[in-house]
Amino acid sequence: MVVAFRQDGSVAAHMLALLRRTGSFFPPYLHSHALIYGQGEYDDEEGQKNIFPLILKAITKKLRRQLCLFIEFINITPKMFGYKAFRENDYFPVNWQEVHNSLHSKAPIERLSKRQIKRIEKAQRMGVSSHKLETKDEIDEWYDLLHRFYRTKFRKFLPSKSHFTELFSSENAALFSTTYRNKVIGVCACVYSEGNAYLWYLASRRKRYPKQHPNFMTIWYAIQYAYEHNYAHIYFMDAGLPFSRNPYRDFILSFGGKPVSHYRWFRLSLPWINRFLKHFFLN
């Protein structure tokens, strides 16, 4: 936590960084990663403009001493906020993508193609079904699939099982599971805030069960659940990089959403790699 004080000792602003240490035996890696959500909290808009560059410099200096492999800022709004300060501290922007689905203008089923509707009907006839977790006993198998899926994802961070147990008990979150022949083949976690749904974590056994379309069925159930509970939108928070060919983004867009881009700012502790990536993403 970095805190900015006024001369009278009162707090003018603060910014919180989450330091994550992750590793794996296979593939072998061990690294630390600092994640900052937003641009911090400030007393007023004028103070935000003046204090943010000072806080950014202080928190960058602190995290460099912690030997973080990289620092990542997400959910910076508006998109161009702090552009000059980030550049001066050797950060580079990546035009990250999200997908936003509107649920209030028309029913989700109306946004699907005939082929997608047939896919749902066929999977249901095969015995594929999705549901919201109702008991804590279901969390073990749910988390096991999620953990196996994310353990090979280098940049992804997966919280502990206790974190999802807390989400299960919250009125502002839901855990969904897709099953086939009593086996969990797809899972996802959603959180809810201010009338909107946010799809957070998603995992499936799509390679082992391709005909059952576990990814598709899990997402479809999460969308239907949000629609039936009168949420205005469902946001897919991470559709990846804005490459022209992005299969996951195209898959998410097939549910009728719209692509939205935001900057994520990165700074790597390895200077030569950081310089290369700055050149790549800024040119």
Side-chain angles (χ1 to χ4, degrees), residues 1-2 14-38 40-41 59 62-63 65-75 96 98 130-179 182-193 196-208 214-215 218-219 221-222 225-226 234-240 248 264 266 268-269:
M1 173 77 79
V2 173
H14 60 80
M15 180 184 291
L16 177 66
L18 304 177
L19 188 60
R20 298 169 168 175
R21 292 183 175 87
T22 58
S24 172
F25 288 107
F26 183 79
Y29 69 86
L30 178 65
H31 76 277
S32 60
H33 162 211
L35 182 63
I36 297 101
Y37 290 90
E41 297 293 332
I59 205 166
K62 175 69 174 179
L63 291 171
R65 293 174 181 170
Q66 300 268 348
L67 300 178
C68 284
L69 179 62
F70 64 97
I71 306 170
E72 178 181 3
F73 279 80
I74 69 175
N75 294 349
W96 218 267
E98 300 176 1
S130 302
H131 68 281
K132 176 186 175 185
L133 269 58
E134 298 294 341
T135 66
K136 289 186 177 181
D137 293 338
E138 297 179 87
I139 296 178
D140 288 342
E141 192 173 3
W142 184 95
Y143 185 80
D144 181 61
L145 173 55
L146 197 68
H147 182 264
R148 283 188 281 112
F149 182 84
Y150 276 94
R151 67 185 176 187
T152 58
K153 305 294 189 264
F154 175 75
R155 206 192 62 83
K156 298 287 187 178
F157 173 80
L158 183 66
S160 66
K161 187 189 300 182
S162 61
H163 178 89
F164 291 102
T165 302
E166 292 296 323
L167 285 181
F168 170 83
S169 303
S170 172
E171 296 180 354
N172 298 314
L175 308 181
F176 300 110
S177 178
T178 296
T179 60
N182 297 320
K183 293 182 179 179
V184 175
I185 62 172
V187 299
C188 74
C190 289
V191 294
Y192 307 97
S193 176
N196 295 308
Y198 299 83
L199 193 143
W200 190 9
Y201 285 94
L202 171 69
S204 72
R205 304 175 71 181
R206 59 186 178 85
K207 292 184 179 179
R208 185 166 183 177
N215 250 6
T218 304
I219 292 175
Y221 188 83
Y225 182 92
I234 183 167
Y235 297 146
F236 298 87
M237 301 305 296
D238 189 353
Y248 179 70
R264 289 192 181 189
F266 292 85
L268 276 74
S269 61

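Across every non-hydrogen atom of Asp140 and Lys161, the tightest pair is OD1-NZ, 3.1 Å. The shortest heavy-atom contact between Asn182 and Glu141 is O-OE2, 4.4 Å. Heavy-atom minimum distance, Ala174 versus Lys132: CB-CE, 3.9 Å. Of all heavy-atom pairs spanning Leu18 and Tyr37, the tightest one is CD1-CE1, 3.8 Å. Here the closest non-hydrogen pair linking Ala17 and Ile59 is CB-CD1, 3.7 Å. For Leu167 against Ala173, the heavy-atom pair with the smallest separation is O-CB, 3.5 Å.
Atoms CZ and NE2, on Phe266 and His33 in that order, are 7.0 Å from each other to the nearest 0.5 Å. In this structure, CG on Leu199 lies 10.0 Å from CE on Met237, to the nearest 0.5 angstrom. Taking CG from Leu19 and CG from Leu35, the interatomic distance works out to 10.5 Å, rounded to the nearest 0.5 Å. Residue Cys68 holds its SG atom at 11.5 Å from CZ of Arg20, rounded to the nearest 0.5 Å. For the atom pair CZ of Phe73 and CZ of Arg264, the computed distance is 13.5 Å after rounding to the nearest 0.5 Å. Taken to the nearest 0.5 Å, the CZ atom of Phe70 stands 9.0 Å off from the OG atom of Ser32.
Judged purely by atom type and a 3.5 angstrom limit, Ser169 uses its side chain to pair as donor or acceptor with the backbone of Thr165. Between the Glu166 side chain and the Ser162 main chain, no donor and acceptor come within less than 3.5 Å of each other.
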From CA spacing to verdict: side chain to side chain contact (heavy atoms under 4.5 Å, CB included), Leu268, Leu69: CA-CA 6 Å; Leu268 276 74; Leu69 179 62; 5.6 Å; no

Evaluation steps, side chain to side chain contact (heavy atoms under 4.5 Å, CB included), between Ile219 and Phe236: CA-CA 10 Å; Ile219 292 175; Phe236 298 87; 3.7 Å; yes

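Looking at Leu202 and Asn215, their side chains come closer than 4.5 Å, going by heavy atoms from C-beta outward. Under the 4.5 Å side-chain criterion, counting only non-hydrogen atoms from C-beta, Val187 is not in contact with Thr218. Side-chain atoms of Tyr143 and Leu158, non-hydrogen and from C-beta on, do get closer than 4.5 Å to each other. With a 4.5 Å cut-off on side-chain heavy atoms, Asn172 and Val191 do not count as touching. Looking at Ile234 and Tyr198, their side chains never come closer than 4.5 Å, going by heavy atoms from C-beta outward. Trp96 is not listed as a side-chain neighbour of Ile74, based on a closest heavy-atom distance of 4.5 Å or more. The shortest side-chain heavy-atom distance between His14 and Val2 does not fall under the 4.5 Å cut-off. Two residues are said to be in side-chain contact when any heavy atoms from C-beta on lie closer than 4.5 Å; Glu72 and Ile36 fail this criterion.
Results of the ring pair (Phe, Tyr, Trp, His ring centres under 6.0 Å) test with Phe176 over Phe164, Tyr221, Trp142 single out Tyr221 as the only residue that passes. When each of Leu175, Thr178, Thr179 is paired with His131, the side chain to side chain contact (heavy atoms under 4.5 Å, CB included) condition holds for Thr179 and for no other.
Aromatic pair Tyr201/Phe149: centroids not less than 6.0 angstrom apart.
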